[in-house]
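The sequence lines fix the lettering, A, B, ..., with proteins before strands; numbering per chain opens at 1.
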Amino acid sequence: MSLLADGVTILCVLAGLVFFAAGTVGLLRFPDTASRLHALTKADHLGLGLVVLGLLPQMDSLAGILRLLAFWALVLLASAATGPMIARLLRRQGGIT
Amino acid sequence: MTEFLLAAALLVLVTVLGGLVRVLRGPADADRIMAAQLLGTGGIAALLLAGVAMAAPALFDLALILAVLAAFASVAMARLAPGDDPREPGP
Amino acid sequence: MTGTIFGLVGAALIGIGLFGMLVRRDALLRILSFNLLGGGVFLVFGAVARRGAGAGFGGDPVPQAIILTGIVVAFAATTLAVALVLRLAAAKDRA
Amino acid sequence: MIPALAADGLLAAGILALALGCVATRRAFASAALFIAYGLLLALAWARLDAPDVALTEASIGAGLSGVLLLGGVRRLEGLAEPSPDAETGPLLTILIGIGCAALTVAIGAAVLLLPDPTPSLAPQVAANLATTDLGNPVTAVLMSFRALDTLLESAVVLLAVVCVWALTPEGGWGGVAGLRQPVVRDGPLALLARVLPPLGIVIAIHILWVGADAPGGKFQAAAVLAAMWLMPWMAGLAPAPRIDARWLRLVLAAGPALFILIGLGGALAEGAFLAYPPGWAKPLILAIEIVLTASIAVALALLVMGPPEPPR
């Protein structure tokens, strides 16, 4: 059981790391700001989501699980709200034509 | 397991710190806001990983504050950036 | 080791903050530099606190509490400075 | 050992790069954005220094509120006529100042390296006396019991700052609504977040305040989160700022320091020393002060970010 839980943790956290790395690479390498915004939102949602998912089996109480999920919800909410705001800012500043 | 989680926390830190280049160079204000946001998310992920690895609930609380304040700061950055008019409907 | 590293970072921040305060002419950037300087002072003090770890604590709690107080007071001073700058600019604007 | 060292080195490099960027960037908005990112990393550095209470304070006040204050200042300055900028510092002077600052850094760095290890510490005394306060968090014990006078004066300083900021009200604005009037945003992402985030944030603030007795956390951090949760709908125009001559506002602002002083005077009568807590009463009294002081400081912090009232145009 513990072995299975640890396996899930390792897999999910590794996948999360890949998304964080992808987000950074996208942020650094994509040519224009709009596509960088695209890359960033993926890293935010999926990177942290997978890390949270991976940590769930390590929790020994329901409260801990709910708390972890709350983090994800919070970041998801913030990222979902700021994404359009950044896009609008970009358009007004002339980044997207 | 502890070592794996700590190493993962370190790796998250490495990747999001790479994004610092974007905060420093821009060029657009939006780039800086995004990179700061990624730094916040990465910081939260690193704190969660380290918090579970070291069984330190204090790190969870720090991550919680970081999540709320990062959301607040990102919104403020997008709202207060020059040229933004909040009355205009979103895209 | 951690204490030494961040103590040195604090020393560097003091230098960077002072440089910004003296060289930049934009009033808001000077206030910001003052905050960098303050952060450096707190970090040096934090390094002292870390060296004072003992009795089961990760650091000496007395300097930590004083740093915490200092951050709040620095924020209060910053708000006053920003308000002064804005008032000054508004006065010039009207003149 | 090696990963810890690598994490410290990375954080140190990131903090220094962002600080240099803050000072070197041409545009004020970019500097303020860098400052927020810098505060984020500094909070992680405090966590590495085993100072979680300071980390929470830095994240909430240092990065969050200060950053937003500076952003707001930048934004408001843009709306005003450009004050004739002073000439930029000349290259020779810049180099001289740079050399001076570098020398200062080297001197302080040397002092850090020459610190005795371990330094003289009050940690044993705190540990020995922690039981008398019934608190589990040594930093809260220092703030509320061993050095309570400092904390009382600090809450007075915050109140004084509010008074000073209000004193900068332009002619004809006195008694008006604090800060600039924010345009109302009824829908869109800003309005959504301004409605959904505050309830969550208030729960988190209460949690941080409550655990503060025994774990890292406490009134300043909780107050900063509460202030941010008020500023959020304020920025969206959904929660108008209060009039600064409102009686309830002044009552809330003064309640925390006033209760602190009253309990301190009570200690002087009962125990013969100002701010001494009667045995067995330390924890309930400290909690009472913390709760009321949280409300006062939260309102004060929010008002400080909003700024003085503007006269009607």
Problem - Residues which pass side chain to side chain contact (heavy atoms under 4.5 Å, CB included) with C:Val62, listed by chain and number, not counting sequence neighbours - result: C:Asp60, C:Ile66, D:Leu122, D:Val126, D:Val142
Handout entry: Main-chain N/O of D:Ala63 paired with D:Ser66 side-chain donor or acceptor, under 3.5 Å
Key = no
Problem - Greatest number of heavy atom pairs closer than 4.5 Å to chain C - which of D:Leu115, D:Thr169, D:Val165, D:Leu168 - result: D:Leu168
Exercise for the section: Measure C:Leu88 against the heavy atoms of chain D and call it side chain, backbone, both or neither at under 4.5 Å. Expected result: neither
Problem - Contacting region of C:Leu86 [heavy-atom separation from chain D under 4.5 Å] - result: both
Practice task
Counting only heavy atoms closer than 4.5 Å, note whether C:Thr4 contacts chain D via side chain, backbone, both or neither.
Solution key: both
Fill in the blank from the handout: Scored by heavy-atom pairs under 4.5 Å with chain D, the best of C:Leu84, C:Thr69, C:Ile14 is C:Thr69
Fill in the blank from the handout: Most contact-rich option vs chain D, by heavy-atom pairs under 4.5 angstrom, among C:Ala49, C:Gly20, C:Gly15, C:Pro61, is C:Pro61
Problem - Shortest non-hydrogen contact from D:Ala141 toward D:Leu135 - result: CA-CD1, 3.7 Å
Practice task
Examine whether an atom of D:Tyr38 lies under 4.5 Å from a heavy atom of chain C, and if so say whether it belongs to the side chain, the backbone or both; otherwise answer neither.
Solution key: side chain
Practice task
Quick one: pull up CG in C:Leu37 and CG in C:Leu13 and give me the separation to the nearest 0.5 Å.
Solution key: 9.0 Å
Completion exercise
Between D:Ile61 and D:Phe220, the two heavy atoms sitting closest are CD1-O, 4.2 Å
Problem - Option that, when pairs with chain C are counted at under 4.5 Å, heavy atom only, ranks first among D:Ile15, D:Leu69, D:Leu42, D:Val162 - result: D:Leu69
Fill in the blank from the handout: Whatever's closer than 4.5 Å to a heavy atom in chain C on D:Thr140 counts as neither
Exercise for the section: Could you grab the distance from atom CG of D:Leu34 to atom CZ of D:Phe29, nearest 0.5 Å is fine? Expected result: 10.0 Å
Exercise for the section: Could you tell me which of D:Leu56, D:Leu113, D:Val112, D:Asp150 has the largest number of non-hydrogen atom pairs under 4.5 Å with chain C? Expected result: D:Val112
Exercise for the section: Taking all heavy atoms of C:Val44 and all of C:Ala11, pick out the closest pair and write down the distance. Expected result: CG2-N, 3.8 Å
Problem - Under 4.5 Å from any heavy atom of chain D - which part of C:Leu68 - result: both
Problem - Among the listed options D:Val157, D:Val305, D:Leu65, D:Leu104, the residue most often paired with chain C at heavy-atom distances under 4.5 Å - result: D:Leu65
Practice task
Please flag which part of D:Ala102 lies under 4.5 Å from any non-hydrogen atom of chain C: side chain, backbone, both or neither.
Solution key: neither
Handout entry: Segment of D:Gln125 engaging chain C (4.5 angstrom heavy-atom cut-off)
Key = neither
Problem - Side chain / backbone / both / neither for C:Phe6 at chain D, heavy atoms under 4.5 Å - result: side chain
Completion exercise
Looking only at D:Asn137, D:Leu153, D:Ile297, D:Thr25, most heavy-atom pairs under 4.5 Å shared with chain C are made by D:Thr25
Fill in the blank from the handout: Okay, C:Leu29 and chain D: the region with an atom under 4.5 Å from a heavy atom over there is side chain
Handout entry: D:Leu71 side chain reached by D:Ile36 side chain, heavy atoms, under 4.5 Å
Key = yes
Exercise for the section: Go through the atoms of D:Arg27 and report whether side chain, backbone, both or neither lie under 4.5 Å from a heavy atom of chain C. Expected result: neither
Exercise for the section: Name the member of C:Val48, C:Val73, C:Val85, C:Ile31 that forms the most heavy-atom pairs with chain D at distances under 4.5 Å. Expected result: C:Val48
Practice task
Under 4.5 Å, counting heavy-atom pairs only, tell me which of C:Leu28, C:Val82, C:Leu18 racks up the most with chain D.
Solution key: C:Leu28
Problem - Options D:Thr94, D:Leu93, D:Leu11, ranked by heavy-atom pairs under 4.5 Å with chain C, top entry - result: D:Thr94
Exercise for the section: Indicate whether the side chain of C:Asn35 and that of C:Thr78 have a donor and an acceptor atom separated by less than 3.5 Å. Expected result: yes
Practice task
Indicate yes or no for a side-chain donor-acceptor contact from C:Gln64 to the backbone of D:Asp50 under 3.5 Å, with no hydrogens or angles considered.
Solution key: yes
Handout entry: Which atoms of D:Val74 approach chain C - backbone, side chain, both or neither, heavy atom under 4.5 Å
Key = both
Handout entry: Partner chain D: residue of C:Gly10, C:Pro63, C:Ala65 with the largest heavy-atom pair count (under 4.5 Å)
Key = C:Ala65
Exercise for the section: Find out whether C:Leu43 and D:Leu49 are in side-chain contact, i.e. whether some heavy atom of one side chain is under 4.5 Å from a heavy atom of the other. Expected result: yes
Practice task
Would you confirm whether the ring centroid of C:Phe42 sits within less than 6.0 angstrom of the ring centroid of C:Phe45?
Solution key: no
Practice task
Considering non-hydrogen atoms only, spot the tightest contact between D:Asp53 and D:Gln221 and give its length.
Solution key: O-NE2, 3.1 Å
Problem - Toward chain C, the part of D:Ala167 with a non-hydrogen atom under 4.5 Å - result: neither
Problem - Check: D:Trp166 and D:Leu303 side chains under 4.5 Å, non-hydrogen atoms - result: yes
Practice task
Counting only heavy atoms closer than 4.5 Å, note whether D:Thr151 contacts chain C via side chain, backbone, both or neither.
Solution key: neither
Practice task
Looking only at non-hydrogen atoms, find the nearest pair between C:Arg50 and D:Arg48 and report the distance.
Solution key: NE-O, 4.1 Å
Practice task
Below 4.5 Å from any heavy atom of chain C, which atoms of D:Ile99 appear? Answer side chain, backbone, both or neither.
Solution key: neither
